[in-house]
K.L.:
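This structure is in structure tokens; I'll ask about it shortly.
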Amino acid sequence: MSDTLTEARTLLDQQEFEEALALLKTVQPKDLTVRVCVARALSGLGHWEQAHTMFSEAVEEDPDCHEAWAGRGLIYFLTGHFQQAAPDFAQAIEAAPMNGRYRGLQGVLLAQTGDAVAALKDLEKAYDLGCEEEGFLFARAQIHLANREADKAQEVLSLAEKAGADEAQLAALEGALYMLKNDHKEALASYRFAAEKAPESEANWMNLLTLIASL
């Protein structure tokens with residue numbers, strides 16, 4: 001069971017939720033760890049009500065189950081229930097203080113609710129704990145851009161590039177950085193690259209067209 005569960009966890013981390021769920025169905029017995037992994041897969045597939053129930057049952061069974069606290073908190077966050085997400089993320093951090101991802105999740109939540117100072121603190125802590133998820137790095141960069149802190153934004157975007165972050169999202173933020181620096185030529189190149197890399201993104205095209213119209 002151990003090897004199969006390890007493989008399923010790897011698939012979950014890679015957001016291969018359907019494959020992970022199929023693999024988890026073969027694992028017996030369905031102990032707490034397996035059930036939490038199933039809930040993670042269901043959550044990733046958008047079956048939030050079922051996943052929420054399973055995460056809630058898990059934290060009732062084991063109040064130190066940090067994966068379940070974080071999983072349920074993420075469902076609350078994704079569905080716009082920010083007040084309920086906050087204590088769940090806090091419980092996850094308390095149960096596993098060295099897990100950088102939980103700090104990152106709390107940081108993104110704080111950014112969403114307008115507490116940029118606290119958000120940056122958590123997002124920076126997430127990176128210090130070894131979590132290099134691009135979403136957390138991009139969130140840090142966006143806060144610095146909003147605060148017109150070009151040098152700090154550049155530093156974080158460099159970290160994101162080293163971590164192999166999505167090229168289109170990275171280019172879009174670099175475009176915003178160049179705009180902040182009043183370098184319209186480089187901004188135009190970045191926005192054009194983002195639009196070409198991710199043509200399905202309406203935001204990328206709007207950035208590009210807005211800049212072209214202003215030149």
K.L.:
Mind checking whether Glu149 and Ile143 have side chains closer than 4.5 Å, heavy atoms only?
P.N.:
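Side chain of Glu149 against side chain of Ile143, heavy atoms only: no contact under 4.5 Å found.
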K.L.:
For Tyr76 and His52, take the angle between the two ring planes, folded into 0 to 90°, and tell me which bin it lands in: parallel under 30, tilted 30 to 60, perpendicular over 60.
P.N.:
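The rings of Tyr76 and His52 stand perpendicular, inter-plane angle above 60°.
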K.L.:
Report the residues that fulfil ring-ring contact (aromatic ring centres under 6.0 Å, His included) with Tyr178, sequence neighbours left out, ordered by chain and then residue number.
P.N.:
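Tyr178 satisfies ring-ring contact (aromatic ring centres under 6.0 Å, His included) with no other residue.
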K.L.:
Does a sphere of radius 6.0 Å around NZ in Lys30 hold more than 12 heavy atoms from other residues, nucleotides or ligands, not counting ones at 6.0 Å or beyond?
P.N.:
yes
K.L.:
Before giving the answer on side chain to side chain contact (heavy atoms under 4.5 Å, CB included), spell out for Arg40 and Arg9 the whole-Å C-alpha distance, their side-chain angles and the decisive distance to 0.1 Å.
P.N.:
CA-CA 10 Å; Arg40 284 183 60 191; Arg9 283 183 174 278; 4.2 Å; yes
K.L.:
Ignoring hydrogens, what is the shortest heavy-atom contact between Ala51 and Ala39? Give both atom names and the distance.
P.N.:
CB-O, 3.5 Å
K.L.:
Ignoring hydrogens, what is the shortest heavy-atom contact between Ala96 and Tyr102? Give both atom names and the distance.
P.N.:
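Taking Ala96 first and Tyr102 second, the nearest heavy atoms are CB-CE1, 3.9 Å.
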K.L.:
Can Leu137 be reached from Leu173 by stepping across I, L, V, M, F, W or Y side chains whose heavy atoms are under 4.5 Å apart?
P.N.:
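Different hydrophobic clusters.
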K.L.:
Are Ile75 and Leu109 linked, directly or through other ILVMFWY residues, by side chains that come within less than 4.5 angstrom of each other?
P.N.:
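Same hydrophobic cluster.
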K.L.:
Can you confirm whether Gln84 is buried at CD, in the sense that more than 12 heavy atoms of other residues, nucleotides or ligands lie under 6.0 Å from that atom?
P.N.:
yes
K.L.:
Any carboxylate oxygen within less than 4.0 angstrom of a Lys/Arg side-chain nitrogen, looking at Asp151 and Lys181?
P.N.:
no
K.L.:
Using side chain to side chain contact (heavy atoms under 4.5 Å, CB included) as the criterion, point out the one residue from Leu12, Leu11, Leu5, Thr10 that pairs with Leu23.
P.N.:
Leu11
K.L.:
Please determine whether side chain to side chain contact (heavy atoms under 4.5 Å, CB included) holds for the pair Leu188 and Tyr191, giving the CA-CA distance in whole Å, both sets of side-chain angles, and the decisive distance to 0.1 Å.
P.N.:
CA-CA 5 Å; Leu188 181 61; Tyr191 284 148; 5.6 Å; no
K.L.:
Between Ser56 and Thr53, is any pair of side-chain heavy atoms under 4.5 Å apart?
P.N.:
no
K.L.:
How far apart are the C-alpha atoms of Arg140 and Leu159, what are their side-chain angles, what is the distance that settles it, and do they pass the side chain to side chain contact (heavy atoms under 4.5 Å, CB included) test?
P.N.:
CA-CA 11 Å; Arg140 279 175 65 183; Leu159 295 176; 4.3 Å; yes
K.L.:
Would you call Glu67 and Arg101 a salt bridge, using N to O less than 4.0 angstrom?
P.N.:
no
K.L.:
If two hydrophobic side chains count as joined below 4.5 Å and joins carry through other members, does Leu123 share a cluster with Leu129?
P.N.:
no
K.L.:
When clusters are formed by joining ILVMFWY residues with side-chain heavy atoms under 4.5 Å apart, either directly or through shared neighbours, do Phe82 and Leu105 land in the same one?
P.N.:
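The answer is yes; both residues are in one hydrophobic cluster.
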K.L.:
Evaluate the side chain to side chain contact (heavy atoms under 4.5 Å, CB included) criterion for residues Met54 and Leu42: first the C-alpha distance (whole Å), next the side-chain angles of each, then the deciding distance (0.1 Å), finally the verdict.
P.N.:
CA-CA 10 Å; Met54 295 183 71; Leu42 291 171; 3.7 Å; yes
K.L.:
May I ask you to say whether Arg35 pairs ionically with Glu61, meaning some side-chain N is under 4.0 Å from a carboxylate O?
P.N.:
yes
K.L.:
Identify whether Phe136 and Tyr127 are in the same connected component of the hydrophobic contact network (ILVMFWY, side-chain heavy atoms under 4.5 Å).
P.N.:
no
